[in-house]
Amino acid sequence: MGSNKTAIMDFFLLGLQQYNNQKFLVFFVLLIMHITTLTGDLMIILLVSTSQRLQSPMYYFLKHLSISEIMFTTNIVPNMLYIILKEGNSMTIVCCFIQFYIFIASGSIESLLLTIMSYDRYLAICNPLRYSYLMNLQICQTLVSCSWLLCFLLVLITVILLCQLQFCASNIIDHYFCDLEPILELSCSDTSFVRTAVLVLSIPTVITAFTFIIITYICIFYTVLRISSSAGRHKAFSTCSAHLTSVCSYYGPLIIIYVVPYRGSSLNANKLLSLLYTVVTPLINPIIYSLRNQEIREVLATFWSTKWSKTH
């Protein structure tokens, strides 16, 4: 006779319980970072959508990168802030799976957009004469649309597989959001097929994308080093420095999270790395693309001066 198992209907997220004594400080720091991230991304979307000077492919991709980051952060951070104040909070399995779906889908979209942006920089530096032909508006729209569609469809497969699992043991997730590994840890079903499927599905959105970025930058560095003048080399490097910073800030924590073992004493380290990935990395992109980009700074100055002249 099989043992009786009570089906679990919700999970309880512990959050960052190691910082409960400093929860108000942690709350306000993360809140300020979240507001800054949203402000920067919304500013980029507004400027690129309204300024004629920012109608190049790079800024078109940057606008969609900002959209994906807003989706990414608003899916996790507001609930995380609530969990920090409450020192834990319950979430239904359905809401947990929805959060996981949006988290992975928006993160995968960012990965593909960074890949497309690396291809854009490759064409601009290595094939400047054919750039306008190979990266026209129609191609840009097709690449971005396919990225959004592909990521949401691929991640949907993972969510469907998760829905087939049974949860009948503990319902406590020692994390501040519904990530894959904490969910699988609570399942009393065999999760080997889900893990294999996730690995296979991550090939086009993460592994292949990261490999493609490395190859494009090898070609870019090779081309730039062949430029005779130092001024020319500096100008070429400066056009892709912001993107390269975004790539490092995105893939660095992501790779470490999956290299560091999840169980045992590394659990708190895993959560801190996840915090870096879900809060700090989205903050970096609007900062580097606004403060280090002369065109965006000039457009922003023009935008505010126009607003000021209309109100005075």
Side-chain angles (χ1 to χ4, degrees), residues 37-38 40-75 101-157 201-217 219-220 239-247 250-251 281-282 285-286 288-290 293-296 298-300 303:
T37 300
L38 291 180
D41 283 325
L42 289 172
M43 180 194 69
I44 290 174
I45 294 171
L46 176 64
L47 294 179
V48 174
S49 300
T50 58
S51 174
Q52 291 297 320
R53 289 184 59 184
L54 304 178
Q55 297 306 306
S56 65
M58 180 180 69
Y59 294 115
Y60 179 77
F61 299 139
L62 179 59
K63 180 177 73 172
H64 281 271
L65 186 68
S66 296
I67 294 173
S68 68
E69 285 192 338
I70 290 176
M71 182 185 302
F72 182 86
T73 56
T74 54
N75 175 54
Y101 178 50
I102 297 174
F103 164 66
I104 299 297
S106 56
S108 300
I109 290 167
E110 184 172 353
S111 175
L112 291 187
L113 287 174
L114 289 173
T115 306
I116 295 171
M117 293 171 76
S118 72
Y119 179 61
D120 173 74
R121 293 299 84 205
Y122 164 78
L123 291 178
I125 295 175
C126 300
N127 292 282
L129 298 179
R130 301 184 63 196
Y131 176 75
S132 58
Y133 171 74
L134 295 174
M135 194 58 76
N136 57 52
L137 179 59
Q138 184 178 0
I139 293 177
C140 292
Q141 292 175 340
T142 301
L143 289 172
V144 170
S145 300
C146 289
S147 297
W148 282 90
L149 182 62
L150 176 66
C151 290
F152 273 98
L153 287 178
L154 288 180
V155 178
L156 183 60
I157 297 174
L201 293 173
S202 68
I203 292 176
T205 57
V206 178
I207 300 173
T208 303
F210 184 59
T211 304
F212 184 85
I213 291 174
I214 293 176
I215 294 173
T216 55
Y217 268 100
C219 297
I220 288 172
T239 61
C240 55
S241 60
H243 174 261
L244 190 58
T245 303
S246 295
V247 169
Y250 175 84
Y251 283 102
T281 296
N285 285 339
I288 63 174
Y289 279 108
S290 57
N293 189 293
Q294 184 176 353
E295 269 191 307
I296 288 185
E298 292 175 355
V299 170
L300 181 61
F303 175 82

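Predicted model, so just to flag it, every value in this text is computed and none were measured.
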Within 6.0 angstrom of Y60 OH, more than 12 heavy atoms from elsewhere
yes
Going from NE2 on H64 to SG on C140, what distance comes out if it is rounded to the nearest 0.5 angstrom?
9.5 Å
Nearest 0.5 Å, what's the CD1-CG distance between I45 and L38?
9.5 Å
Considering all heavy atoms of both residues, which atom of P282 and which atom of P286 are nearest to each other, and what is their separation?
O-CD, 2.9 Å
Residue pairs passing the salt bridge (Lys or Arg N to Asp or Glu O under 4.0 Å) test where at least one lies in residues 44-56, sequence neighbours excluded:
R53-E298
Donor-acceptor contact present, side-chain Y59 to main-chain I44, <3.5 Å:
no
Got a second to check how far I213's CD1 is from H243's NE2, nearest 0.5 Å?
5.5 Å
For residues 133-146, which residue pairs qualify under salt bridge (Lys or Arg N to Asp or Glu O under 4.0 Å), counting only residues two or more places apart or in two chains?
none
Report the distance from atom SG of C146 to atom CG of L112, rounding to the nearest 0.5 Å.
10.5 Å
Output for pair (L154 CG, I203 CD1), nearest 0.5 Å, gives 11.0 Å
Got a sec, which pairs hit side-chain hydrogen bond (donor to acceptor under 3.5 Å, both in side chains) with one end in residues 41-50, sequence neighbours left out?
D41-S66
From E110 CD over to M117 CE, what is the distance, rounded to the nearest 0.5 angstrom?
9.5 Å
